[in-house]
Amino acid sequence: MKNYLIVLFYLILFTGCDNKIYASEENTTLKTTIKHFNLAKVNNHLITSNILTKKKIKNFPKWHEEEKKRVVESMVNHEIILQYVFGKKNEKDILNERKRMSRGFALIREIAIESASSTFTDENLMEIYEKNKKSYWHEKVYNTSHILLKDENQTKDFIVKLHKSNDLNRTFHTLAKEFSQDKSSVKGGYLGHFESKVMVEPFKKALESLAEGEFSKYPVKTKFGYHIIWLHNIVEKGYITFPNAKPEIVRNLKIEVIDKWYFSKLNELKEKSTIVYLYDLNST
């Protein structure tokens, strides 16, 4: 898993998260001229600084030599695998480096998981569950939604609307999505399962006083504003059951499978690849 996280780190390093910067770089009206440079060649594919964001291209000369070598080497490793997966799936190569990288990693995931499909049987997953059962213990948790508002009177009005509603789920979801002052608004106010102790005291106290399926009859004031809390259900402390733990087990197993496949395939292919390093640390 450690190695796969390194792979993801360098994927972010290359393509970056500053898409707005990259969009500006492609804008023909941009006054700043960006000097690109070649880094390496793997078989017939030239790796250039085009794959980096504008900011990283600018900072590359300032990096320590060892860091430059590490980054370029990682680019080379990725390129070896990308060439393999595009060929394996018989897909046409993509000219845009960023889109190519993104599609390539999707193919890596697909091929790696296909190669280890037998490890995802219920029997194997259950074995993993039993082996790690201690990690699936949980305290009492509350499955909850809320609506957060800044105005107390508006909160009271919404509580009245909820009481009068013939479809509580739909009304709550709609009000939360449109008016709630919280990131959970995009999910209709849904907060998920959590221990009450993670919440600020007024919220915790109000939540613990609710019966399953009940929402707060009065605004619950905290430092964030006024809440309407809806308790869906309570899960008493105990072990998460295998069916509920299964999605997480599968997720973690996929990461391990991809990690193992990636580096195993890299070791196999690297010796057969023609690699030429083109960057000059002194002149970059």
Side-chain angles (χ1 to χ4, degrees), residues 1-2 4-5 8-9 12 17 122 125-165 167-256:
M1 182 171 177
K2 180 180 178 182
Y4 184 61
L5 292 177
L8 292 181
F9 170 77
I12 293 171
C17 298
D122 277 351
L125 296 175
M126 175 61 83
E127 187 178 330
I128 295 172
Y129 171 77
E130 291 294 343
K131 186 177 180 180
N132 300 281
K133 195 169 182 179
K134 286 183 179 179
S135 65
Y136 294 108
W137 172 265
H138 67 83
E139 297 297 328
K140 182 177 181 179
V141 291
Y142 296 78
N143 185 24
T144 312
S145 293
H146 83 141
I147 299 173
L148 174 62
L149 302 166
K150 298 301 181 183
D151 183 81
E152 184 177 10
N153 289 328
Q154 185 184 31
T155 310
K156 290 177 179 178
D157 290 341
F158 282 9
I159 290 174
V160 172
K161 286 183 180 180
L162 292 171
H163 274 295
K164 292 181 178 179
S165 174
D167 187 343
L168 177 59
N169 185 61
R170 182 176 180 179
T171 303
F172 196 100
H173 185 277
T174 301
L175 291 175
K177 199 163 188 178
E178 186 172 353
F179 298 101
S180 187
Q181 305 294 304
D182 182 76
K183 291 180 180 179
S184 66
S185 62
V186 296
K187 296 186 288 184
Y190 184 61
L191 294 173
H193 295 78
F194 55 86
E195 294 180 46
S196 61
K197 67 182 181 181
V198 304
M199 293 303 199
V200 292
E201 189 58 35
F203 192 106
K204 175 180 179 293
K205 186 176 179 181
L207 177 62
E208 292 176 343
S209 70
L210 294 174
E212 291 185 324
E214 186 180 18
F215 62 88
S216 49
K217 296 179 176 63
Y218 306 98
V220 178
K221 184 180 180 181
T222 70
K223 62 182 180 179
F224 303 107
Y226 297 90
H227 305 258
I228 303 173
I229 305 171
W230 183 14
L231 173 60
H232 303 300
N233 65 282
I234 298 171
V235 181
E236 297 295 339
K237 65 181 180 179
Y239 289 102
I240 298 173
T241 63
F242 172 68
N244 289 332
K246 185 176 175 180
E248 180 185 340
I249 296 172
V250 170
R251 257 193 321 271
N252 291 337
L253 187 55
K254 283 181 178 179
I255 291 173
E256 292 177 15

What verdict does the side chain to side chain contact (heavy atoms under 4.5 Å, CB included) test give for Ile147 and Tyr226, after you've listed the backbone C-alpha separation in whole Å, the side-chain angles of each residue and the deciding distance to 0.1 Å?
CA-CA 8 Å; Ile147 299 173; Tyr226 297 90; over 6 Å; no
Pairs flagged by salt bridge (Lys or Arg N to Asp or Glu O under 4.0 Å) wherever residues 242-254 is involved - sequence neighbours left out:
Asp122-Lys246
Could you report the tightest heavy-atom contact between Phe203 and Thr222, atom names first, then the distance?
N-CG2, 4.0 Å
Value rounded to 0.5 Å, distance of CD1 in Ile228 from CD1 in Ile159:
4.5 Å
Do the side chains of Pro219 and Lys156 get nearer than 4.5 Å, heavy atoms only?
yes
For Ala245 and Ile240 the tightest heavy-atom approach is N-CG2, 3.7 Å
Would you indicate whether Lys177, at its atom NZ, is surrounded by more than 12 heavy atoms from other residues, nucleotides or ligands within a distance under 6.0 Å?
no
Within a reach of under 6.0 Å around NZ of Lys150, are more than 12 heavy atoms found that belong to other residues, nucleotides or ligands?
yes
Return the minimal non-hydrogen interatomic distance between Gln154 and Phe179, and the atom names on each side.
NE2-CD2, 3.9 Å
Mark yes when over 12 heavy atoms from residues, nucleotides or ligands other than Glu127 sit less than 6.0 Å from its CD; otherwise mark no.
no
The single option from Asn233, Val235, Leu210, Leu231 that satisfies side-chain contact (heavy atoms from CB on, under 4.5 Å) with Tyr142 is Leu231
Quick one: does Ser216's side chain have a donor or acceptor within less than 3.5 Å of a partner on Ile229's backbone?
yes
Measuring from Asn244:CG to Tyr136:OH, what's the distance to the nearest 0.5 Å?
11.5 Å
CG-CG distance between Asp157 and Leu162, expressed to the nearest 0.5 angstrom:
11.0 Å
Which atom pair, heavy atoms only, marks the closest approach of Val220 to Ala206?
CG2-CB, 3.7 Å
As a quick check of understanding, evaluate side chain to side chain contact (heavy atoms under 4.5 Å, CB included) for Lys133 and Glu130, giving each step before the final call.
CA-CA 5 Å; Lys133 195 169 182 179; Glu130 291 294 343; 3.9 Å; yes
Return yes if a side-chain donor-acceptor contact under 3.5 Å exists between Ser180 and Asp182, otherwise no.
no
Heavy-atom closest pair (His146 atom, Ala176 atom, distance to 0.1 Å) is O-CB, 4.3 Å
Roughly how far, to the nearest 0.5 Å, is CD of Glu208 from CE of Met199?
11.5 Å
Ring geometry between Phe172 and Trp230 (parallel below 30°, tilted from 30 to 60°, perpendicular above 60°):
tilted
Considering non-hydrogen atoms only, spot the tightest contact between Ser165 and Thr171 and give its length.
OG-OG1, 2.5 Å
When rounded to the nearest 0.5 angstrom, what is the spacing between NE2 in His227 and CD in Gln181?
11.5 Å
To the nearest 0.5 Å, tell me how far Lys140 NZ sits from Lys197 NZ.
13.5 Å
Given side chains that start at C-beta, do those of Thr155 and Tyr218 come closer than 4.5 Å, heavy atoms only?
no
Between Phe215 and His163, is the ring centroid distance below 6.0 Å?
yes
